[in-house]
Amino acid sequence: LDTTKAGAVIIDRKHSKPAMPVIRVDDPYVSALQTVKIFYPEAEPRLVGIHPSAVIAKSAKLGKEVGIGAGAVIEENAVLGDRVSIGPNAVIEKDVVIGDDSRIHANVTIRHHCKVGKRVIIHPGAVIGAEGFGFAPTEGRFEKIPQVGIVVIEDDADIGANTCIDRAFLGATRIGRGVKLDNLIQIAHNVEVDDHTVIAAQTGISGSTRIGKGVMMGGQVGITGHIEISDGVKIGAQSGVTKGFPPGATIFGYPARPIMETKRIEACLVRLPELLKRVAELEQALKRAKEDIQGD
Amino acid sequence: LDTTKAGAVIIDRKHSKPAMPVIRVDDPYVSALQTVKIFYPEAEPRLVGIHPSAVIAKSAKLGKEVGIGAGAVIEENAVLGDRVSIGPNAVIEKDVVIGDDSRIHANVTIRHHCKVGKRVIIHPGAVIGAEGFGFAPTEGRFEKIPQVGIVVIEDDADIGANTCIDRAFLGATRIGRGVKLDNLIQIAHNVEVDDHTVIAAQTGISGSTRIGKGVMMGGQVGITGHIEISDGVKIGAQSGVTKGFPPGATIFGYPARPIMETKRIEACLVRLPELLKRVAELEQALKRAKEDIQGD
Amino acid sequence: LDTTKAGAVIIDRKHSKPAMPVIRVDDPYVSALQTVKIFYPEAEPRLVGIHPSAVIAKSAKLGKEVGIGAGAVIEENAVLGDRVSIGPNAVIEKDVVIGDDSRIHANVTIRHHCKVGKRVIIHPGAVIGAEGFGFAPTEGRFEKIPQVGIVVIEDDADIGANTCIDRAFLGATRIGRGVKLDNLIQIAHNVEVDDHTVIAAQTGISGSTRIGKGVMMGGQVGITGHIEISDGVKIGAQSGVTKGFPPGATIFGYPARPIMETKRIEACLVRLPELLKRVAELEQALKRAKEDIQGD
């Protein structure tokens, strides 16, 4: 602090007050990040007005101050809440409902009947509500099972670019409140991701799996179908998860195990070539010892 | 069955007839799934009519009852069969051919000269026929090799959302009849996927690899280039496949091995820390034994 | 060569001249690939003219001979260099700058303020400049941190289909000159990929990591955040990289290690079940030996 050229600093409330202008807060890291909102108030301005090239069905219902970009398509009976923003060339299919203040970016596709909450952000290229991967094996080929459910995305969720969330077979694939999904994620049919869970890029979750609240996953994780991940579980990047773990567990690896177990195994793996040598030496030594004894 | 409130049930033909209305079938699971088609006949209705905002080249040839969504682009000499449906804002480039009853969803891109069979479904955001990843190393940089082949997708295939199938360097990247590809899959140039193979999400297949008939792959599998996967091979999720295996083999792991071998190794891995300790104890015991003998 | 029906062949300059027309070169493989350019000069012709359905803001600046496809959207103050080609339904947001001879394919999204160099190719469905995945944990939920930086893609880069490159939190996410990114790749905020690096499909690079020059990565690699990969490092497919390695190192595995180390461990893994048996036998033998000695 003695050498900074800054005019003011954000410091932890617990620190003593230095001889310069300060803002004392509980969490300086978070507060520093939040100042970005002050310096860049218009970082992501809402779209204003409806572009004449947008194609909007007569039966669609638009709230107040809705913004719709060029070439966007809003199909029959879609309902857009107040201040909703639909990016250029996005496609909102029939009977979709989008809550107030949500922002759908360019080239997104939201398929028919899906429901999006308030203040949701869906980044470019994401596909919401494509048919789930459901096929019944029939005489050496696979017959499509119609996927007649929907996707429900709750308030304050954030869906990354080119991420795919499939519609349910029956019922709904559900993304809970405040869930943050990074880019290129795959959420299969009938998955439920509970509130405030955060998932990094390129992770895939197989059908009918239920992810608890406040779960954190690294990137490129794979989770098998029909299992339940407890609240607060943390999963390391690239893990392959095939079963549940207790709430709050930190797991990692392929297959995923409690992280300390995986770390212990990894530490041993490096010693494996040496271990093989030592066992061979033991065998030789024992053989010689036997010969010595028999030679006695 | 004694307690169900259902008005009728679907049961295995082999079971004795209970005291309520039943439909007796060979495979109750498959038949139950198929009833969805009866209860939701219009789950995925075809697009009807050509939206005035669609841009269709004069030289394009359209079959009977073709449906084209708002903002879709059909370029020169494209040929669409009867009852083909092209979703909003999809782009069908020049000289593409699409067979009868195929359905191309919103925001799909099919690049020039690619061929799509009959009854094919391509989900939103998929990219068919992007240039393959071909570069020749030249003086410390990489020079692009034009990719002048195409993609051929045969009848009844199903291509997932945001999946990418690259055009061939020469010839064709081929997706066989009835192949089911899930979302976010990467199929590189000159790959061949033979009939009725099923591949789960986020799997990637490297250039010139040939996948046999009736192969089943889990999600996030990676397959190296220029190899051949035999008919009927089953590959577990997240496996890394670097060589071929006999027809019908079930393989798993990184690197992929016959599944029983991988399971055996995994079971041993958990015991590795204990094994290291046991070997150290053996060494100590042998040392003491030697000292005892020498001490005699 | 004695049996070929070819009218002429390309051979290594070092070989003696056979009795037929030849072209003698330094690298026959590269030269053979390059002949494709001669036989297919129009493999990827530029778009010519501006389609009347394209939506171009009045404040956008277009260079000479720019081609813009049907339904493409060019927002306020965007600048397109000479001979730039924008595919159908692509979206170029406000204040984007694209250099001469670059080619942006169908359904691409380039978000506001991003900069693209000369002769860059961006394949269909790619998303450039989506907001990075930045959230501050606050009272059991996650608060969005505005991402106010940009993406800079330098000359001669090639960006694969449906690949995502996130904008920086502050500053720029940078893709260097001649970098080749395959399909479905995730580049997180503030990553830097230096010149002439080549990355295969479905690889993901976490935030603020710096990749050196001339690095080569296989597909489905995952790289942790805030690390530095040295120049010329080669990374095998599906590796999980959690730390740096010296320039030119070849690394592989999960976690990534020098390739010879990983191969050595893999070779030992196969012998692990047998090793456990041998150790149990040693323990038995030692126990018997002790009994024998005590029995003496």
Side-chain angles (χ1 to χ4, degrees), chain A residues 27 29-31 33-34 36-37 39-40 43-44 51-53 69-71 87-89 105-107 121 123-125 156 158 160-162 177-178 180-184 195-196 198 200-202 213-214 218-220 237-238 253-254 266 269-270 272-273 275-276 279-280 282-283 286 289-290 293, chain C residues 53 55 71 73 75 89-91 93 107-109 111 125-127 130-131 133-138 140-148 162-164 166 169-170 184 186 188 202 204 206 220 222 224 238 240 254-255 257 261 264-265 267-269 271-272 275 278-279 282 285-286 289 292-293:
Chain A
D27 187 333
Y29 176 71
V30 168
S31 296
L33 292 175
Q34 285 169 338
V36 173
K37 291 185 194 168
F39 293 115
Y40 298 85
E44 288 284 337
H51 196 278
S53 68
N89 286 340
H105 283 290
N107 283 321
I121 301 174
H123 294 280
D156 301 299
D158 198 294
N162 282 345
R177 288 178 66 103
K180 311 300 181 190
L181 302 184
D182 201 350
N183 302 339
L184 292 164
D195 302 354
H196 305 299
V198 174
Q202 294 177 319
K213 287 186 213 300
Q220 296 182 339
Q238 288 190 323
Y254 174 58
E266 268 176 22
L269 277 178
V270 187
L272 200 49
L275 185 69
L276 270 159
V279 169
L282 274 171
E283 288 166 336
L286 195 70
K290 272 188 190 165
I293 291 169
Chain C
S53 69
V55 175
V73 177
E75 294 190 350
N89 286 340
V91 175
E93 292 192 0
N107 283 320
V108 163
T109 303
R111 298 222 51 217
V127 176
E131 284 185 281
F133 198 61
F135 300 96
T138 316
R141 46 190 196 79
F142 290 84
E143 195 172 344
K144 189 171 196 77
I145 305 302
Q147 306 286 307
V148 300
N162 282 345
T163 278
C164 298
D166 280 351
F169 163 53
L170 290 169
L184 293 163
Q186 156 71 358
Q202 296 176 318
S206 307
Q220 297 182 339
T224 199
Q238 289 189 323
Y254 173 59
R257 299 186 175 93
E261 199 175 312
R264 215 155 32 222
I265 291 170
C268 294
L269 277 178
R271 300 176 61 188
L272 200 48
L275 186 68
R278 283 163 61 193
V279 168
L282 274 171
L286 195 69
D292 287 352
I293 292 169

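Side chains are part of it too, since the values below use all heavy atoms of this structure and drop only hydrogens, waters and symmetry mates. So that the names make sense, note that chain A is the first sequence line, chain B the second, and so on, each numbered from 1.
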Bottom line for Leu181(A): the part with an atom under 4.5 Å from chain C's heavy atoms is backbone

Which portion of Leu272(C) sits near chain A, non-hydrogen atoms under 4.5 angstrom: side chain

Quick check for you: among Ser53(A), Pro52(A), Gly253(A), which has the greatest number of heavy-atom pairs under 4.5 Å with chain C? Gly253(A)

What closest approach, in Å, do Gly71(C) and Asn89(A) show between heavy atoms, and which atom pair accounts for it? O-ND2, 3.1 Å

Which bit of Glu261(C) is near chain A, if near means a heavy-atom gap under 4.5 Å: side chain, backbone, both or neither? side chain

Shortest non-hydrogen pair, Cys268(C) vs Pro273(A), comes out as SG-CA, 3.6 Å

Answer key: most heavy-atom pairs under 4.5 Å with chain A among Val108(C), Thr109(C), Val279(C), Leu269(C) is Thr109(C)

Interchain contact, Leu170(C) with chain A, by part (heavy-atom threshold 4.5 Å): side chain

Shortest non-hydrogen contact between Ala285(C) and Leu286(A), atoms and distance: CB-CD2, 3.2 Å

Considering all heavy atoms of both residues, which atom of Asn162(A) and which atom of Gly125(C) are nearest to each other, and what is their separation? ND2-O, 3.2 Å

Among Arg141(C), Arg271(C), Gln147(C), which residue forms the greatest number of heavy-atom pairs with chain A at distances under 4.5 Å? Arg141(C)

CA sep, side-chain torsions, deciding dist, call: Phe169(C), Val36(A), side-chain contact (heavy atoms from CB on, under 4.5 Å): CA-CA 9 Å; Phe169(C) 163 53; Val36(A) 173; 3.5 Å; yes

Can you list the steps and then say if Arg278(C) with Leu276(A) is a side-chain contact (heavy atoms from CB on, under 4.5 Å)? CA-CA 10 Å; Arg278(C) 283 163 61 193; Leu276(A) 270 159; 4.2 Å; yes

Using a 4.5 angstrom heavy-atom cutoff, name the option from Gly87(A), Gly69(A), Pro88(A), Gly178(A) with the most pairs to chain C. Pro88(A)

Atom NE2 of His123(A) and atom CD of Glu131(C): how far apart are they, to the nearest 0.5 Å? 5.0 Å

What residue, out of Gln238(C), Lys144(C), Glu93(C), has the most heavy-atom pairs lying under 4.5 Å from chain A? Lys144(C)

Could you measure the distance from the OG1 atom of Thr163(C) to the CG atom of Asn183(A)? Nearest 0.5 Å is fine. 10.5 Å

Using a cut-off of under 4.5 Å on heavy-atom pairs, state which of His196(A), His51(A), Lys180(A) scores highest against chain C. Lys180(A)

Go through the atoms of Leu184(C) and report whether side chain, backbone, both or neither lie under 4.5 Å from a heavy atom of chain A. both

Answer with side chain, backbone, both or neither: which region of Thr224(C) has an atom nearer than 4.5 Å to a non-hydrogen atom of chain A? neither

If one checks every heavy atom of Ala106(A) against chain C at 4.5 Å, the contacting part turns out to be both

In short, Phe133(C) meets Asp182(A) closest at the heavy-atom pair CE1-N, 3.4 Å

Checking heavy atoms, do the side chain of Leu282(C), its backbone, both or neither come under 4.5 Å from chain A? both

Between Val270(A) and Arg257(C), is any pair of side-chain heavy atoms under 4.5 Å apart? yes

Interface moiety of Phe135(C) toward chain A, non-hydrogen atoms closer than 4.5 Å: side chain

Under 4.5 Å from a heavy atom of chain A, the part of Ala90(C) involved: backbone

If you count heavy-atom pairs within less than 4.5 Å of chain C, which of Lys213(A), Glu266(A), Gln202(A), Arg177(A) leads? Gln202(A)

Please classify the contact between Tyr254(A) and chain C as side chain, backbone, both or neither, with a heavy-atom cut-off of under 4.5 Å. both

Where on Glu75(C) is there a heavy atom nearer than 4.5 Å to chain A: the side chain, the backbone, both, or neither? side chain

Structural part of Gln220(C) lying under 4.5 Å from a heavy atom of chain A: backbone

Whatever's closer than 4.5 Å to a heavy atom in chain C on Asp158(A) counts as side chain

